[in-house]
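Worksheet for the structure shown next.
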Amino acid sequence: MSVSLDKNEKVFSLALDGFEGPIDLLLNLAKEHKIDISKISILNLAEQYLQFLEYIIKKDIEIAAEYLVMGAWLAFLKSKLLLPSKINDDAMDIEEMSELLEFQMKKLESMQKVSKLLFKKHQLGIHFFKRGKAEYFVTNQKFLYQLSLHDLIKSYHQIVISENSNSITIARSKLYSVDEASKRLKLLMSKTNGWKNLFEFIPKNITDKLEKKSAVASHFVASLELVKEGHIFLKQDGYNKNIYLNSKSNL
Amino acid sequence: MLNLNKKKDEEFDFNLNKKIVEALIFSSQEPITLTELRKSIINKDLLNEILVSLEKKYSSSGINLFKVNDSYAFRTSPDLCEYLNIEKIIPKKLSRAATETLAIIAYHQPITRSEIENIRGVSLSKGTLDLLLELNWIQPGERKTTPGNPLTWLTSNNFLDHFGLKNITDLPGLDDLKDTGLLEKNKIIFKDNFVE
Amino acid sequence: MLNLNKKKDEEFDFNLNKKIVEALIFSSQEPITLTELRKSIINKDLLNEILVSLEKKYSSSGINLFKVNDSYAFRTSPDLCEYLNIEKIIPKKLSRAATETLAIIAYHQPITRSEIENIRGVSLSKGTLDLLLELNWIQPGERKTTPGNPLTWLTSNNFLDHFGLKNITDLPGLDDLKDTGLLEKNKIIFKDNFVE
């Protein structure tokens, strides 16, 4: 195989735009050397492909992923080809695998050929034409409404999408609301005498850590609110010390 | 001998130009003017002769060549009007409501009217089901055993014919088309974003 | 005398029915099915004979009778393509993925999505099937009975009409491909065989 790296670079950077997939790339590598696919050296092809993989992995790992399975497969094939044939006891023997690859390449090549043949044919609206204006008879009423399968499917999919995005259920928040805390404090304060630590008012049945934190925060905010409204007094002896509440009517 | 060849060439020329005129009138959306026809043919002098020849050719056909002012068009022969009831019908697009309703019935059948309304989120106008029924795309199914015994709707055989489907299960589902681009979603999921 | 009258009547009958068929096909832009034609004519037995006669009548005209599966349409003669200066709707150039996918479906139908992907060695990119469906060149076939019940794809009548094909056996190069065995689907390199 006499492919200079320079040339590789050129071929392979073109490959990124032009090639659709691994088999496609193999096909082009084979054509590049003007080789009849049926007489192809799988070993050479595998080597070239692996070279390409090495190059592409450095350049763009995402594109490389598309080519990796084939790469692994070819590496396996290559190692088998290099090893003496007597060890070959695999379920699928090496010849079968090469044949399969060759078949796959021929198949893709044939499809690429016929797709070109197909589009070389005369096409309606470009090379030949339908009647410019239709006339309608009462007997062909079904032509009255034109709806394609594509329209129908698209319409349904749009409904499904909008349905999915409209009917989002917002999970009930686990957080303790200030409103709740305020109601609770008012009720409890009316039944207590003297100064009480704020922490005594926090519901004892909360186990979730986050919920507990939120309960403390909202009870504190609620207590400030009650002071502002003139229902209670608050006192704290110093920074980071306990906060005490007392009902105004108890003073 | 030379004369014979010349005559053959002339005949070929006339026939080719005639075919071009015929094809142009056929494929034109509106009646096509003499000026336009003259522009498109190779041998301009032949146009009048060609039109006379075409008129004659189609005079006993199911389609006739009609002249409107200085324009030409093919139209169905008036002789056939008792057999073919020609009407001016303008092809219409099915309304969005009707298309959606048909799609929902197709994918969810048998389905009741109120179930359709639930999916679409709007109430169904009476005309929508009537239209689909008239087009013979849907048909009534069995009544449900739930309170009120509501009627269910199904798609008809005509629906399958129209869309070229053998069975209703051959309708492409969401899985079949999931990567086709039809199902591009921009779904936003709301969640409790509080993390400890 | 009686015989002569009978013959005349028959001739009249044939011509009238022929004119009706001619007008029906001519009036429509899309191919009309045999079933529809049969529905509209008076003497149903004559239909085949009429279609043969019409095909002959138009074979050397600027317009030809085209057959698409079991449907008929008038189209301008492809011989004239270089002379017709008509506003052409040039479709967007299809991507290589789309043209290859179309060819694979056309020559291998019915075929599933994953079978297409196996032949091309890459997964179908977004929008490819959708585009072909939107062009109305492909349509869903029956589901396979294999696990997962994958949907199969076929080409549509509109595809045949677009490329001027009588039916699917009319595809270019089909016989050669069949002879070389290249249309067999069962051999797969990836996925199933490449495990471990």
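Order of the sequence lines sets the chain letters (A, B, ...), proteins ahead of strands, with each chain counted from 1. Everything quoted here is computed from the prediction, not taken from an experiment.
- If you tally non-hydrogen atom pairs under 4.5 Å between each of C:Pro140, C:Gly148, C:Ser156 and chain B, the highest count goes to C:Pro140.
- C:Gln109 contributes atom CD, which lies 10.5 Å from atom OH of C:Tyr107 (distance to the nearest 0.5 angstrom).
- Contact annotation for C:Glu142: both backbone and side-chain heavy atoms come within less than 4.5 Å of a heavy atom of chain B.
- No side-chain donor from either of B:Asn17 and B:Asn43 sits under 3.5 Å from a side-chain acceptor of the other.
- Proximity to chain B is absent for every atom of C:Asn15, based on heavy atoms less than 4.5 angstrom apart.
- Looking at every heavy atom in both residues, C:Pro78 comes nearest to C:Asn64 through CD-OD1, 3.8 Å.
- Contact of C:Leu80 with chain B is made through the side chain alone, with heavy-atom distances under 4.5 Å.
- In this structure, OG1 on C:Thr180 lies 7.0 Å from CG on C:Leu183, to the nearest 0.5 angstrom.
- Looking at B:Ser60, the atoms closer than 4.5 Å to chain C (heavy atoms on both sides) all sit in the backbone: N, CA, C or O.
- Using a 4.5 Å cut-off between heavy atoms, C:Thr112 makes no contact with chain B at all.
- Contacts with chain B were tallied for C:Leu151, C:Thr152, C:Asn157, C:Thr76; C:Leu151 has the most, counting heavy-atom pairs under 4.5 Å.
- Taking the six-membered ring for Trp and thresholds of 30 and 60 degrees, B:Phe26 and C:Phe74 have ring planes more than 60 degrees apart, a perpendicular arrangement.
- Using a cutoff of 4.0 Å between basic side-chain nitrogens and carboxylate oxygens, C:Lys18 and C:Glu22 are not scored as salt-bridged.
- Considering CD1 of B:Ile111 and OG1 of B:Thr101, their distance stands at 9.5 Å, rounded to 0.5 Å.
- Interface summary for chain C: among B:Leu165, B:Ile42, B:Leu16, B:Asn167, the most heavy-atom pairs under 4.5 angstrom belong to B:Leu16.
- Contact annotation for C:Lys57: only side-chain heavy atoms (C-beta onward) come within less than 4.5 Å of a heavy atom of chain B.
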